[in-house]
There are 2 protein chains.
Amino acid sequence: MLENESNIEKEIKMIPEPTLRRFPQYIHLLKRLRKESTQYISSTTIADELELDSIQVRKDLAITGVVGKPKLGFDIDELISALSNILNWDNSTDAFLVGAGSLGSALLGYKNFNQYGLNIVAAFDNDPNKIGKTISGIEVLPLEKFGNMVERMKVHIGIITAPPEAAQKIAEVMVQSGIQAIWNFSSIHLKVPFNIIVEDALLTQSLGVLTHTLSEKLKKEIAVLEKQ
Amino acid sequence: MLENESNIEKEIKMIPEPTLRRFPQYIHLLKRLRKESTQYISSTTIADELELDSIQVRKDLAITGVVGKPKLGFDIDELISALSNILNWDNSTDAFLVGAGSLGSALLGYKNFNQYGLNIVAAFDNDPNKIGKTISGIEVLPLEKFGNMVERMKVHIGIITAPPEAAQKIAEVMVQSGIQAIWNFSSIHLKVPFNIIVEDALLTQSLGVLTHTLSEKLKKEIAVLEKQ
DNA sequence: TAGATTGTTAATCGATTAACAATC
DNA sequence: TAGATTGTTAATCGATTAACAATC
């Protein structure tokens with residue numbers, strides 16, 4: 001009972017988003033290291049591998065509640081299970097996907113998501129050419145069935161891989177059906193009630209940073225050449 | 001000549017990364033609004049649409065050099081072209097993709113990238129079952145040909161959609177071949193020389209935020225129910 | 001003109017980094 | 001023990017937000 005209360009307390013203070021975003025990186029690295037049968041790892045090693053600051057790593061890991069041993073470091077298995085628990089990657093959560101185009105099909109074929117707590121159980125579209133097709137073992141259903149099935153299967157996560165013009169409407173259908181969290185792969189900003197979680201995959205954001213940084217680099221190189 | 005100098009000066013001060021990451025969002029919104037034939041838009045409207053702070057929007061837009069008109073706002077077309085120029089989305093940059101699995105195939109099929117300055121011109125893999133296949137009009141070539149073709153076609157961008165075990169080695173091949181920027185879809189952290197640009201797509205990071213936030217939400221709701 | 005909006009300088013906030021004592 | 005490493009408190013840094021003058 002007491003332990004339970006302190007757990008709730010622990011969860012009340014929100015994890016800073018930058019920290020939360022580093023957690024998956026830690027998990028990936030730790031799982032790789034575990035295969036090499038090392039039992040302990042120091043914050044310095046983690047920092048080196050991920051090109052972070054070791055103080056930052058220690059502060060991040062402090063949030064998990066796992067305590068390290070001076071001179072030894074942290075128990076890798078302990079870290080993996082603590083981090084997985086925080087991200088809820090130790091449970092499998094069902095999700096419905098809407099938009100069975102190329103990106104949607106890719107996600108349906110990406111069985112690795114199961115490793116990260118996500119289980120895509122059904123796909124929907126309103127294109128008659130796609131409805132009825134089976135992609136990676138999952139049949140594409142007509143969008144009209146979405147609402148009923150969300151209720152019946154108590155699904156909480158919706159994934160939008162539809163084109164931008166359709167995305168907002170799909171989000172609204174999802175919210176009305178009782179979806180609580182949306183993973184948005186469309187490039188538009190979705191407007192949903194405050195209590196609905198939206199996480200944007202933001203592929204074009206990432207691409208923008210890449211194309212900008214590269215063009216700056218090339219410009220600088222040309223500038224240097226011209227000076228000579 | 002003078003103008004040229006001031007241009008170089010302008011580009012020397014780096015754009016803060018959070019700002020840079022909002023630029024694609026602005027472009028998406030502005031393109032959508034332009035279709036509705038509005039010519040001007042205020043920072044307040046942009047902020048409302050994207051759920052940002054209007055002061056932040058003004059500060060971001062100030063970086064583009066586009067000046068707004070009091071009481072009217074900013075010229076949408078001017079903003080689009082200034083932002084596109086900064087991201088280098090008004091040019092088309094060729095890219096090679098390595099890893100013709102499900103995610104790689106999806107990206108090959110995603111013709112929208114052309115709109116964002118990226119043109120995937122060839123795909124590579126070392127799986128004999130995939131080599132020779134044509135995906136969305138692009139033939140999958142053996143990885144051994146990568147180096148030669150990068151040199152011949154002067155390609156600067158490499159995209160990694162291979163499994164994590166293979167990713168680091170592919171990155172090294174890319175660097176040796178003269179690739180300058182890598183768009184990394186694998187979950188591992190790539191180690192490359194300091195002057196090579198790496199941008200991670202970080203799908204699992206995004207997924208981690210989603211699954212964590214949802215589980216916290218559900219926990220809270222259960223806690224509230226139990227109190228009653 | 002009055003009022004909406006821009007653009008800039010200053011204040012705040014929160015994350016990162018530094019410093020250092022505690023520990024095995 | 002000596003030294004590497006943890007964990008915490010304080011300092012720094014940079015982005016966000018506030019305040020307000022300038023402008024059409």
Side-chain angles (χ1 to χ4, degrees), chain A residues 10 12-26 29-30 33 38-79 82-83 86 189 202 205 208-209 212, chain B residues 10 12-26 29-30 33 38-79 82-83 86 189 202 205 208-209 212:
Chain A
K10 215 187 283 165
I12 254 116
K13 49 177 121 156
M14 289 239 294
I15 298 171
E17 187 155 324
T19 296
L20 190 56
R21 291 193 176 272
R22 282 188 291 273
F23 280 178
Q25 307 271 89
Y26 294 142
L29 174 66
L30 294 167
L33 290 170
T38 21
Q39 195 190 344
Y40 288 96
I41 189 162
S42 72
S43 58
T44 333
T45 311
I46 295 177
D48 280 354
E49 290 287 331
L50 301 178
E51 294 177 88
L52 298 173
D53 190 302
S54 73
I55 306 169
Q56 185 169 66
V57 172
R58 278 206 295 289
K59 230 176 190 178
D60 284 348
L61 297 185
I63 288 173
T64 65
V66 175
V67 280
K69 291 198 178 120
K71 208 163 152 70
L72 263 177
F74 299 85
D75 183 295
I76 294 184
D77 285 319
E78 259 188 82
L79 280 182
L83 289 166
I86 289 173
H189 177 83
L202 295 173
Q205 173 181 299
V209 175
H212 166 77
Chain B
K10 215 187 285 166
I12 254 118
K13 49 177 123 155
M14 290 239 293
I15 298 170
E17 187 156 323
T19 296
L20 190 56
R21 291 193 176 274
R22 283 188 290 271
F23 281 178
Q25 307 271 91
Y26 294 142
L29 174 66
L30 293 168
L33 289 170
T38 21
Q39 195 189 345
Y40 288 97
I41 189 164
S42 72
S43 58
T44 334
T45 311
I46 296 177
D48 281 353
E49 290 287 331
L50 300 179
E51 294 178 89
L52 298 172
D53 190 303
S54 75
I55 305 169
Q56 185 169 66
V57 172
R58 278 204 296 287
K59 230 178 189 175
D60 285 348
L61 298 186
I63 288 174
T64 65
V66 174
V67 281
K69 292 199 177 117
K71 208 164 150 69
L72 262 177
F74 299 85
D75 183 295
I76 294 184
D77 285 319
E78 258 189 81
L79 280 183
L83 289 166
I86 289 173
H189 177 84
L202 295 173
Q205 174 180 298
V209 175
H212 166 77

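Values below: every heavy atom of this structure, side chains too, minus hydrogens, waters and symmetry copies. Every chain is numbered from 1 and lettered A, B, ... according to where its sequence line falls, protein lines coming before strand lines.
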Whole-Å distance separating the CG atom of B:L72 from the P atom of C:dG3:
18 Å
What's A:S43 touching, base or sugar-phosphate or nothing? Going by heavy atoms closer than 4.0 Å.
sugar-phosphate
So if I take every side-chain heavy atom of B:V67 and compare against C:dG7, D:dT6, D:dA15, which nucleotide ends up nearest?
C:dG7
Just to confirm, is there a sub-4.0 Å distance from OP1 or OP2 of D:dT16 to any side-chain nitrogen or oxygen of B:R22?
yes
Closest to side chain of B:S42, choosing from C:dT16, D:dT17, C:dT5:
C:dT5
Taking NZ from B:K69 and C1' from C:dG3, how many angstroms apart are they, rounded to a whole number?
19 Å
Within-4.5 Å side-chain heavy-atom neighbours: B:L202 and A:Q25
yes
Gap between atom CD1 of B:I15 and atom CZ of B:R22 - 0.5 Å precision
11.5 Å
Whole angstrom is fine here: how far is it from CG in B:L61 over to C1' in C:dT5?
13 Å
Nearest to the side chain of B:Q56, heavy atoms from C-beta on, is which of C:dT16, D:dA18, D:dT16?
D:dT16
State the CG-OH distance between A:D75 and A:Y40, to the nearest 0.5 angstrom.
5.0 Å
Report the distance from atom CG of B:L79 to atom C1' of C:dT6, rounded to the nearest whole Å.
13 Å
Does D:dT23 have a Watson-Crick or wobble partner in any strand here, with both distances under 3.5 angstrom, and which is it?
C:dA4
side-chain contact (heavy atoms from CB on, under 4.5 Å) with B:L30: of B:D77, B:L83, B:T38, only one passes, and it is B:L83
Between D:dT16, C:dT6, C:dT8, which nucleotide gets closest to the side-chain atoms of B:T44?
C:dT6
Calculate the interatomic distance between A:I55 atom CD1 and D:dG7 atom P; express it in whole Å.
14 Å
Picking from D:dA18, C:dT6, D:dA15, which would you name as closest to the side chain of B:D53?
D:dA18
Starting at atom CG of B:L52, determine the distance to atom P of D:dT17, rounded to an integer number of angstrom.
9 Å
Without hydrogens or angle criteria, can the side chains of A:H189 and B:E49 be said to hold a donor-acceptor pair below 3.5 Å?
no
Rounded to whole Å, how long is the line connecting atom CD of A:E78 with atom P of D:dT6?
14 Å
Using only side-chain N and O atoms of B:R58, determine if any of them is under 4.0 Å from OP1 or OP2 of D:dA19.
no
Partner lookup for D:dT16, please. Criteria are Watson-Crick or G-U wobble with both distances under 3.5 angstrom; report none if nothing qualifies.
C:dA11
Looking at the side chain of B:K71, which of C:dG3, C:dA18, C:dG7 is the nearest nucleotide?
C:dG3
What integer distance in Å separates A:I63:CD1 from C:dG14:P?
15 Å
Looking at the side chain of B:K59, which of D:dT17, C:dG7, D:dT23 is the nearest nucleotide?
D:dT17
